[in-house]
Trainee: 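I'd like to ask some things about the structure below.
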Amino acid sequence: MSTEKTPNTPYLLTAPGVLFFAALLGAPMIMTLLLSLHSYDFNLGVQSDWTFGNYAEVIGDPYFQKIFGRTFGLALWVTVICVAIGVPEAYVLSRLNPRWRSIFLLIVLGPLLISVVVRTLGWALFFGGSGILSMVSQALGFGDEPVSLMFTFTGMTIALVHVLVPFMVISVWASLQKIDPQSEDAAYSLGASKMTVLRRITLPQAMPGILSGSIIVFALTASAFATPAIIGGRRLKVVATAAYDEYLSTLNWPLGAAIAVLLLIANIAIIVSYNKLVERRFAKVFE
Amino acid sequence: MRTLGPIALIFHAIFVAFIMAPLLMVIAVSFTDKGYLSLPTDGLSLRWFKAILDNPDFIEAFGMSVWLALFSATVAVIISVPAALALARHKFPGRELISAFLLSPLMIPHLVLGVAFLQFYSRIGLGGSFYGLAAAHIILVTPYALRLALASATGMSTDAEHAAMTLGASKFTVFRRITVPLILPGIAGGWILSFITSFDELTMSVFVASPSTQTLPVKMYNHITQTIDPLIASVSTVLIVLTFLLMLILDRFYGLDKIFIGKG
Amino acid sequence: EDKTLYLGAYGGSTETLFNETLIPMWEEKTGAKVVYVPGKSTDTLAKLRAQEGAQELDVVFIDDGPMTQAIGFGYCETVNEATFDGLYDAARMPENKAVGVGIIATGLAYNTEIFAEKGWDAPTSWTDLADPKYKDMLSIPPITNGYGLHALIATAMMNGGGVDDIEPGFKAFEDTIAENVKVFEPSSGKMSELFQTGEIALSVWGSGRLKALADSGFPGAFAYPEEGGIKLLVTTCPVIDSDVPELAQDFVQFVTSPEAQKLIATTLAWAPVNKSVELTEEESSALPVGADIVDNLIEVDYAIVNSSRGEWTKSWTRRIEQ
Amino acid sequence: MSFLKFDSLRKEFGDFVAVHDMSLSVERGEFISLLGPSGCGKTTTLQMVAGLLSPTSGKVILDGKDITNTPPNKRGLGIVFQSYALFPHMSALDNVAFGLEMRGVGKAERLERAHNALNQVKLGQFVDRFPKDMSGGQRQRVALARALVIEPPVLLLDEPLSNLDAKLREDMRIELRLLQQDLGVTTILVTHDQEEALSMSDRIVVMQQGDVSQVAAPLDLYERPLNSFVSDFVGKTNILQGKVTDKNVVSVNQIAVSVNTEAHVVGADVALSIRPEKFTMSSDNAGLPVRVKASIFMGASWLYSVESDMGELLVTQPNTGSAGFARGDSAYLAWEEGALTVFGGVQA
Amino acid sequence: MSFLKFDSLRKEFGDFVAVHDMSLSVERGEFISLLGPSGCGKTTTLQMVAGLLSPTSGKVILDGKDITNTPPNKRGLGIVFQSYALFPHMSALDNVAFGLEMRGVGKAERLERAHNALNQVKLGQFVDRFPKDMSGGQRQRVALARALVIEPPVLLLDEPLSNLDAKLREDMRIELRLLQQDLGVTTILVTHDQEEALSMSDRIVVMQQGDVSQVAAPLDLYERPLNSFVSDFVGKTNILQGKVTDKNVVSVNQIAVSVNTEAHVVGADVALSIRPEKFTMSSDNAGLPVRVKASIFMGASWLYSVESDMGELLVTQPNTGSAGFARGDSAYLAWEEGALTVFGGVQA
Ligand SMILES: Nc1ncnc2c1ncn2[C@@H]1O[C@H](COP(=O)(O)OP(=O)(O)OP(=O)(O)O)[C@@H](O)[C@H]1O
Ligand SMILES: Nc1ncnc2c1ncn2[C@@H]1O[C@H](COP(=O)(O)OP(=O)(O)OP(=O)(O)O)[C@@H](O)[C@H]1O
Ligand SMILES: NCCCCNCCCN
Ligand SMILES: [Mg+2]
Ligand SMILES: [Mg+2]
């Protein structure tokens, strides 16, 4: 932040995005917020009163509490796994022979190329009761019972990691490109092992990418609908499936809107604090 | 010292296998000779590829998706990069707020967004139009473009930009000729994530897309609301193969490496 | 000038039939254009809700349950009385705001191959859902879906209750049936996939759905429970405030006409609502027609169901989908 | 009226004052060097002139116009950064051509001029190389060519030759000086190389911790430093503490030294300074007897550290081609009276 | 047996050969400097020794062990990078402490030692600064402290003092030399500063385009360069083309010059070299008459460019405290016969 520009520069730079969002996202969001403040009658529809009843209902109901708990647990878990495998993979990619690098980069993006519906179909074929996983585990003698990860928390986690890890890889990748390789060389020459260099020199400098990646992954998991719905099934409901139910099945939009608003608030609270925490902890990398 | 040890390579192999596993399953299924989903254990067939040709709407929807994704990703990048620079380089009142606002589409279930957009857009006359759908997609993918540009711009040395300025380059020229190339990996990464997210978006588009703007995921979704058949697999296989071919050709002629790696 | 009618109806095979056959027929007849907006019942209903006051759609196809809601919310125009000429009475929806287009039955769909392998007999009763041998081989849609709702109502009836006393149904689900259920799958497409990937062998499903799956060569069969399948009416209504109200009425009348009904019956396996449609034995084999089936079908009173559906759904999600 | 003027220029980084209210007037076409210890604020000053750092207070005036708030791209200055600041994504040629392009020079001409500039810095064969594939000195020369090619009215050079070998550095100095004189470019050079500063500059600004210590022409600065900091910093010097014991006599460690003490009262504590090269060292038994503690070969000369009754002294003697004095040798030092300068003490 | 050995070390970048098969033996505790024009392969050589670049062919042998394929973190060498390569996300103190931490030094001790090392490079007050908030010279000193603090058996220094002012540079040289001698550290220094190389080194390696031109002790190198490249590169020199016309007489532009021609046949074309400081220039009408073309003040000396019948000559004369000769002045040059060296021509 060494260039000192006129203080309104940041506002000018963010203006196109902010104005676009204000015009086209602001109104729908406010509409949703207002919607959440009305009550609903199953036969008569949305009422014209004003109430916090929907919020009280969501917050007070153990059913929703459990769903929110599960959702953020899942988001945290998926984020941790994505960091754990996505960051090393980004690192490996950046060290690959250039000829292979772009090919593997594409492969990493692979899961994103096909529709969620088809992707989950792939998983169903893979770890369903008569899927490959089951066949392999039976063939290897891990038991005669078919193994199925469908409709389990584990299956849901794996499938989410699968679609979200590319976001992590690409984010970290973008950050890694910026690092002066000589700072790594310097660390080696001071006796640091590869692991140590990775941990102490490379990763801290790649922190902006890890931060971006984990924000994307966390937020996407917390608001994910399709994968949890299909792989998790209805017993493992998450916030988005709960909102979906209210919108499409009971048509109780105010309640659905309240769920969505609460999700948004929780998400922003978590992400903004995380962002602050990381930016402060690695202050010098972020300047 | 920039070589990889065996453990790294084994990890990489497992990672790639993990990524490829479900895709390979889908590709395998697309060659089934059965009318329903099954692994082609006793016979390979191209019938489900022929079936694509009998369903021209799939091809049309594919075109729509490509066009929509190109448009949305590009606009998202255009509005995100300046914003990312502002967020990366300045501390200013409202920074957190603006950043949260621009990221918020990530944090709301797409269905809720879809319904809200449908409500609002049909009220302001954007309903059912390509631009309405595109606006929704731009909003949806901007967070990716923003976060990736941010990751690249954060902590970037301003030396080269300063040098360009002293050589007489205007702010915009510095931006275009120096800043953008230097954060290209982030911009390219953000564009690609945006493109792919837009291309793959379903839950929101189900509401915002109209018959004249039906995207491929929406088309597939409508196709399988009642039954599922290997056509979905063959369409996906074609998609996977096409994308890889396209990327390889681009790589051949332009060097993806350059884009992904940036400078030099 | 060119008039355009927006039709909101199911995707997939319904869309194919309409786009390839029925719509061209009608367009030729009227000179108007049709734009097909695919979507399942709940999606279409949500669109009507979202576009309140500025409806894009002119005619919608929605299952009877959600259609009762749509009528309640006032999204439907009264159907011209002339349309009901020659239709079974069962095709009338409340206040004549909608009309049936076809009849489907909810019953038991199963994978004949797996049943044969295991040496099981075909299912015969709603009570089979509680049979422990089907543990983790069974899928039932949740009650937010028509078939799932039917399963709950049928189970309530088997246990001495009914739409006005649903608790026995919940109890049975809680005690036995839910144990067996691998997944409460709402999407027909996914249900079909679960069958195809061998994840399940039995489900509560629609007769038309199973026919579509079986037509692809899949070894599946549909069983009407001896206590009776449940009737599901596919319905249509002209949407209020349409800019082409006459065309909308005309289209609704057209889809209930004998020629359209015949095509629908033979392609989609919806039993006709028009008395004058004649079907060969082969054509009618997959349909819920014929005295033994139709007379046996259980009717659901949506007036009662819809008034308590909010409560039911709440209980369902909290007690059953655990 | 001066061409470039700093008016009480000040820069603070948080609590830290990097440049204290600095004022300076530079004539058109003048060649000024900034000399000073590492961290004294040279780069900071230059960056404020360039418009890359905004002063905490004070003004920069160019050709009568206050440019303190003019953006850098409107100042038209040529600058070589201490860290080069090359464009990593452009070849050497493109780096150099960039400034010309910004000035609207047509493609053919700008490539030719960029090429010439690279030839000038002896990189004619490396035009297509990218910075990361070049050696340190090569990068530095690209940076130099990039600043020179635009023929700016003012050149700001931040240690532009620090990574070049002596030979090349000398060539570059000459090129730079010629160009500067041909075009009448007003130049501010930051250098840590005193020879460079002394040999090239019209005037030298010696800075110390953000302050200006002395501004003077090279010979004046060297021969008549205003204070012992300047004397010590510019060229080597021996500083001896003494007391004026009589008119024109200063006693250093009991040894009487003849020196002009006109400006000082008898009894005042003073410092004497004498430069190492002003001594004559010989084996002839005449002058101050010394013992050689260290003998360092410097090419054209020898540098000795010797012990004497007056304290430890640095002595430089020309290299006569044979080995000089060795450690432990005894010798005698002589000097002319005028070689001594007196500082400090109570003024008469 | 030598401690550190390069055996036909070669590095190619694509088609470009940066270092030709280079061989060199360095004794334990020796201080070697690499000197050579910008881009001649000094950094490349150093990086191969450090293990940061792998040689295209050839070997590096340390203490009898072939370390060509040993990873850099196992070599235990201390290295100062030309571009510093500081850890941008660590404070000065953490940068310096890092190497100690890698060696398992406990926290308290390593902070203390890092602190001391920073004091040694005069950055005691800047321990908490981050690299980007430091001046160029300050960064360079952090890099130096970082390499020194681990007290490595071998130090590789790539222009470690290039951004320091003369004063500090001298202090650092002394610190470095003391440390080097105290600890017996084998040191390879890349520098473009000849004085530095000449004054600090046990031996100097002069490189030219990836090849070794000469390896010699400083005085030998300066006084007995093997060829005109070395002579010209190390210190200033005048090279004059002439012909041996008689025993011990070479004619340069018709002027007969007395010089030892023992090694050359009469009639051979030779080059004479004489260093600028070997002349004595005076107004006394004696010796070669010259006219001063340019007069450059260098502090301790004056550098003149003069015209004579023998051609253009560079002349250095000590600064006697008063203005030297000025442009246009006439003067006379004298020299001792031994000051001339003869190269080339057909050997006798
Ligand atoms: N990655 C590379 N690709 C191609 N050429 C290179 C690369 N790195 C260095 N070179 C070339 O190799 C030669 C030697 O480079 P090196 O950095 O060793 O020079 P040096 O002697 O250290 O010079 P300087 O004194 O300028 O730092 C130079 O001509 C340089 O351009
Ligand atoms: N961003 C900053 N924040 C805090 N202090 C700074 C910052 N930039 C520079 N400084 C300090 O300001 C002082 C002057 O720095 P400057 O770069 O001008 O020194 P310099 O004279 O160019 O030194 P050198 O010869 O070492 O390059 C230094 O002590 C430096 O540490
Ligand atoms: N072919 C469409 C038949 C309609 C079936 N309705 C599905 C009910 C579950 N939404
Ligand atoms: Mg500086
Ligand atoms: Mg180098």
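All chains are named by letter (A, B, ...) in the order of the sequence lines, taking the proteins before the strands, and each is independently numbered beginning at 1.
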Trainee: Which one of K314(C), E185(C), R49(C), E193(C) has the most heavy-atom pairs closer than 4.5 Å to chain A?
Mentor: R49(C)
Trainee: Please look at T317(C) and chain A and tell me whether the side chain, the backbone, both or neither of the residue comes under 4.5 angstrom of a heavy atom of that chain.
Mentor: both
Trainee: What part of T313(C) is in contact with chain A, defined as an atom under 4.5 angstrom from a non-hydrogen atom: side chain, backbone, both or neither?
Mentor: side chain
Trainee: Is it the backbone or the side chain of N252(A) that comes under 4.5 Å from a heavy atom of chain C, or both, or neither?
Mentor: neither
Trainee: Taking CD in E167(C) as the centre, count heavy atoms belonging to other residues, nucleotides or ligands within less than 6.0 Å. Is the count above 12?
Mentor: yes
Trainee: Main chain of P142(C), side chain of R234(A): is a donor-acceptor contact present, judged purely on distance under 3.5 Å?
Mentor: no
Trainee: Please classify the contact of A303(C) with chain A as side chain, backbone, both or neither, using a heavy-atom distance under 4.5 Å.
Mentor: neither
Trainee: Might you confirm whether atom CH2 of W77(A) has over 12 heavy atoms from other residues, nucleotides or ligands at distances under 6.0 Å?
Mentor: no
Trainee: Who wins among Y247(A), Y63(A), Y40(A) for the most heavy-atom pairs under 4.5 Å with chain C?
Mentor: Y63(A)
Trainee: Measure the spacing between CZ of F151(A) and CG of D136(C) and express it to the nearest 0.5 Å.
Mentor: 10.0 Å
Trainee: With only heavy atoms counted, which part of L194(C) is less than 4.5 Å from chain A, the side chain, the backbone, both or neither?
Mentor: side chain
Trainee: Out of curiosity, L248(A) CG to S41(C) OG, how far, rounded to the nearest 0.5 Å?
Mentor: 11.0 Å
Trainee: For Q47(A), I'd like to know if atom CD has over 12 heavy atoms of other residues, nucleotides or ligands within 6.0 Å.
Mentor: yes
Trainee: What's the spacing between E311(C) CD and T250(A) OG1 if we round to 0.5 Å?
Mentor: 11.5 Å
Trainee: Are L251(A) and L45(C) side-chain neighbours, meaning at least one heavy-atom pair lies under 4.5 Å?
Mentor: yes
Trainee: Around K135(C), counting heavy atoms of other residues, nucleotides and ligands shown, do more than 12 lie under 6.0 Å from its NZ?
Mentor: yes
